[in-house]
Amino acid sequence: MFEVEQRRIEEQIQAYCTAHDLPAPTLRWKWIPFSGQWGISTSFFQLAAASFGDQKGNTQAKAQEIALGIAEDLGTPAGFSKVEAVKGYLNLTFDPAQYTRRVVDAVLDEGEGYGQGMRRHEQVMVEFSQPNTHKAFHVGHLRSAILGDVLCNLLDAAGYDVVRTNYPGDMGLHVIRWLWNYKKYHMGEKPDRDITKWMGNLYAEAIKRLEQNPELDAEVREVYKQWDNRDPEIVALWKETRQWSLDGFDDMYAKLGIRFDRYYFNSMFEDSGREIVDELIRKGIADDERATGGPVVVKLDEKLGLTGEKYHVFVALRSDGTALYATEDLGLARQKFLDYPGLAKSFYVVDVRQSLHFQQVFKTLELDGYAWAVKCQHVPYEIVSLPGNVVMSSREGAIVLLEDLLREANERALQVVREKNPELTEERKQEIARAVGIGAIKYPMLSRDNTKVVTFDWQSALDFNGQAAPYIQYAYVRANSILRKANMPIPASLLPEYELSQPEVALIDLIGRLPDEVQSAARDLRPLVITNLAYELASAFNDFYGQCPVLQAEEKIRNSRLRLVAAARQAMANSLALLGITAPQAM
RNA sequence: GUCCCUGUAGCGCAAUGGAUAGCGUGCCGGCCUCCGAAGCCGUCGGUGCGGGUUCGAAUCCCGCCAGGGACACCA
């Protein structure tokens with residue numbers, strides 16, 4: 001927000017250091033961390049330590065001495081109200097009126113675009129969700145979908161051109177088993193609603209039948225053979241039933257507000273994966289052990305000349321020559337760069353258990369000479385488990401289905417809306433319940449670090465109080481309500497002509513941070529940064545709401561506060577939008 | 001055995017190597033005659049252990065302890 005002034009100050013500090021025979025400092029600015037303080041700060045401890053060279057000295061005192069000198073040299077630069085040297089820190093306090101106007105104007109001028117960075121003209125791909133067709137979609141699958149979607153939002157807001165990519169697992173033993181079960185026991189049936197749930201039930205049924213009668217495996221193998229021979233009947237059945245799953249996924253993505261630009265399918269890469277494996281064998285990177293009944297492997301540590309075991313052994317092709325997931329991943333990685341040669345990054349949002357797998361895939365491709373391999377990056381996240389550290393598994397039935405969660409969250413939200421806002425039309429109530437329900441589901445998946453396990457339990461999933469999406473939505477609604485009741489256009493840009501109160505200072509401060517936090521969240525691939533900011537914004541707004549009357553205030557204050565409320569509303573809406581959460585107009 | 005992740009308040013989580021470690025929840029107690037109480041205010045309570053690096057460590061390094069995960073033909 002004060003980039004120009006900041007740069008000028010940096011130059012002045014550099015000049016000061018040169019003039020005073022000090023080493024060139026590397027200045028890192030951060031927000032003054034105390035509430036009530038309002039501006040940016042930097043410290044001179046490193047510089048002080050460096051200034052002593054090999055000699056010992058009192059760094060604290062020296063840092064303070066430098067800070068004092070610089071503070072004096074700077075005076076009070078334009079845009080700032082105070083410059084202070086405190087314990088080795090240089091604190092630059094923004095001029096309240098000017099800063100307020102600048103932040104509020106920026107937000108209201110830019111509207112939905114506030115927080116977005118300059119376009120970088122760089123393309124990145126994010127692959128996420130990767131659901132298996134012919135299986136249930138449960139809460140464990142939700143994290144990749146939600147995390148990936150928000151990472152796309154963040155990267156886009158940070159200025160990248162994002163290709164949102166899905167990679168459904170549409171072929172494999174699970175599909176073959178499903179087809180066998182369907183053909184034998186359900187031929188001709190078709191689901192009309194809750195498609196994914198129905199597909200999942202049939203899959204679970206297949207597993208159960210095979211467990212109870214292992215001799216049926218022979219029939220399954222027969223179906224696999226038919227698939228391998230591309231038997232038209234099986235291929236047709238596969239295509240038809242696969243589409244049911246995909247339709248079901250589309251329905252859920254629509255409910256969740258998640259979209260994709262590009263679909264790749266597992267089944268597309270059996271051949272191209274094998275091509276790469278052949279190439280690896282030809283180049284001597286992979287060892288073909290099929291003659292002795294083994295698979296095709298890449299002994300990565302050996303090929304890289306590592307003594308330890310870091311990459312272990314990568315199995316690239318089954319001993320019978322059929323493709324496995326790893327084979328297909330080789331083909332897929334290449335295809336992405338064939339389709340999008342300009343990709344600066346190719347991200348894979350996949351759970352942490354596959355970390356080694358992706359290291360192996362990327363390293364193998366690098367050894368194979370593909371320069372783009374280094375642009376591939378696995379974005380690991382921890383799984384969603386059930387209480388007692390139970391991993392959700394479609395096979396064992398210990399799962400919470402997404403359909404059920406969506407329905408429960410929606411119902412719970414509807415119940416609360418009916419209680420709080422009986423006068424709204426049923427349609428509005430439904431709309432609000434959807435926004436609140438989805439928000440309540442998404443927020444907990446985004447508000448903890450990617451590397452931390454999310455434990456799902458119904459009680460906290462349906463708890464709408466405290467640090468959660470409905471809290472932020474509620475603050476938004478309150479802001480909206482004030483503006484509606486004001487019953488007048490938002491006043492034109494103005495310089496506040498009164499002393500800002502503490503809650504106003506805090507609120508403006510947080511609003512002003514959004515653009516930086518977007519960059520930071522995108523850089524570190526951490527939605528958490530935005531969930532935190534959104535919550536803090538809402539909290540600061542609630543504080544403001546309780547302490548600063550708007551509509552009843554005298555005109556000068558009212559006009560200024562109306563603009564602030566509008567800016568806060570916009571900042572909250574934009575933060576929520578980044579998180580894929582809808583801000584309802586009432587709730 | 002090798003490698004990765006995680007240990008912060010009863011529980012769930014924050015905190016670019018920086019100043020005074022924050023929030024939610026839970027317990028207890030307050031606040032609707034004031035822009036919406038899905039809200040606000042108050043109270044209790046914490047960096048797994050031991051070294052090291054640094055002016056400064058929850059954060060980086062080493063060791064230990066505890067939990068989770070990955071390691072040749074599953075995805």
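To find a chain, count down the sequence lines: A is the first, B the second, and so on, and within it residues start at 1. Since we're looking at a predicted model, the values are computed, not measured.
- At the heavy-atom level, A:V565 lies nowhere under 4.0 Å from the strands shown.
- Within the 4.0 angstrom heavy-atom criterion, no nucleotide atom of any strand lies near A:Q130.
- Nucleotides B:G46 and B:C11 place their C1' atoms 13 Å apart, quoted to the nearest Å.
- Between A:K87 and the phosphate of B:U20, there is a side-chain N or O to OP1/OP2 separation shorter than 4.0 Å.
- Note: A:T42 OG1 to A:L47 CG = 9.5 Å, rounded to the nearest 0.5 Å.
- An OP1 or OP2 oxygen of B:A37 is reached within less than 4.0 angstrom by a side-chain nitrogen or oxygen of A:R478.
- Distance, A:Q473 CD to B:G39 C1': 15 Å, rounded to whole Å.
- The shortest distance between side-chain heavy atoms of A:V83 and A:I70 does not fall below 4.5 Å.
- Which of B:G18, B:A38, B:A72 sits closest to the side chain of A:K420 comes down to B:A38.
- Across B:C23, B:A19, B:G17, the shortest atom-to-atom separation from the side chain of A:Q467 is found for B:C23.
- Among the protein residues, A:L356 comes within range of the sugar-phosphate backbone only, with heavy atoms under 4.0 Å from sugar or phosphate atoms but none that close to a base.
- When the P atom is used for both B:C41 and B:C3, the distance is 49 Å, rounded to whole Å.
- A distance of 10.5 Å separates CD1 of A:I441 from CD1 of A:I581, quoted to the nearest 0.5 Å.
- Note that CG of A:L579 is 10.5 Å distant from CG of A:L528, once rounded to the nearest 0.5 Å.
- The shortest distance between the side-chain N/O atoms of A:K452 and the OP1/OP2 oxygens of B:G68 is not below 4.0 Å.
- Proximity of A:R318 to the phosphate of B:A75: a side-chain N or O atom is located under 4.0 Å from OP1 or OP2.
- For A:S481 and B:G36, the shortest distance from a side-chain N or O to OP1 or OP2 is below 4.0 Å.
- Nucleic acid contact for A:G293: base, since at least one base atom lies under 4.0 Å from a heavy atom of the residue.
- As judged by a 4.0 angstrom heavy-atom cut-off over every strand, A:V453 is placed among residues touching the sugar-phosphate backbone only.
- Counting non-hydrogen atoms under 4.0 angstrom, A:A586 reaches a base of the nucleic acid.
- Separation of atoms CZ (A:R448) and CZ (A:R526) is listed at 13.5 Å; rounding is to 0.5 Å.
- One can find a donor-acceptor pair under 3.5 Å joining the base of B:A19 and the side-chain atoms of A:S41.
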Stepwise side chain to side chain donor-acceptor pair (under 3.5 Å) check, A:E536 with A:N532: CA-CA 6 Å; A:E536 282 175 36; A:N532 281 352; 5.5 Å; no
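- Applying the 90° cutoff around 0 to the glycosidic angle, B:C32 is assigned syn.
- Nucleic acid contact class of A:D320 (heavy atoms, under 4.0 Å, all strands): none.
- With respect to the salt-bridge test (charged N to carboxylate O, under 4.0 angstrom), the residues A:R290 and A:D288 qualify.
- A:N389 comes within 4.0 angstrom of sugar-phosphate atoms only, judged by non-hydrogen atoms across all strands, and of no base.
- The side chain of A:N465 places an N or O atom within less than 4.0 Å of a non-bridging phosphate oxygen (OP1 or OP2) of B:G39.
- Checking B:A37, B:C5, B:A19 against every side-chain atom of A:T451, the shortest atom distance belongs to B:C5.
- To the nearest 0.5 Å, the span separating CH2 on A:W178 from OH on A:Y203 amounts to 12.5 Å.
- In terms of phosphate contacts, A:Y471 brings a side-chain nitrogen or oxygen within less than 4.0 Å of OP1 or OP2 of B:C40.
- Of the candidate nucleotides B:U8, B:C23, B:G17, B:C23 has the atom lying nearest to any side-chain atom of A:Y535.
- What separates CD of A:E309 from C1' of B:A72 is a distance of 13 Å, to the nearest Å.
- The CZ atom of A:F541 lies 10.0 Å from the SG atom of A:C548; values are rounded to the nearest 0.5 Å.
- OP1 or OP2 of B:U16 has not a single side-chain nitrogen or oxygen of A:R513 nearer than 4.0 Å.
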Watson-Crick and G-U pairing of RNA chain B, under 3.5 Å, as dot-bracket with | and [ ]: (((((((..((((....[...))))..((((.......)))).....(((((..]....))))))))))))....
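- Side-chain proximity of A:K485 to the nucleotides B:G18, B:G39, B:G36 is greatest for B:G36.
- Heavy atoms of A:V416 sit under 4.0 angstrom from at least one base atom.
- A:E289 comes within 4.0 angstrom of a nucleotide base, judged by non-hydrogen atoms across all strands.
- Looking at A:N91, its side chain comes within 3.5 Å of the base of B:A19 through a donor and an acceptor atom.
- Here A:Y325 does not reach the OP1 or OP2 of B:A75: none of its side-chain N or O atoms lies under 4.0 Å away.
- Here A:Q354 lies in heavy-atom contact (under 4.0 Å) with a base.
- Using a 4.0 Å heavy-atom cutoff across all strands shown, A:W31 reaches no nucleic acid atom at all.
- With distances taken from any side-chain atom of A:Q60 to the nucleotides B:C34, B:A75, B:C55, the minimum falls on B:C55.
- In this structure, A:R526 reaches the sugar-phosphate backbone alone: every heavy-atom distance under 4.0 Å involves primed, P, OP1 or OP2 atoms, never a base.
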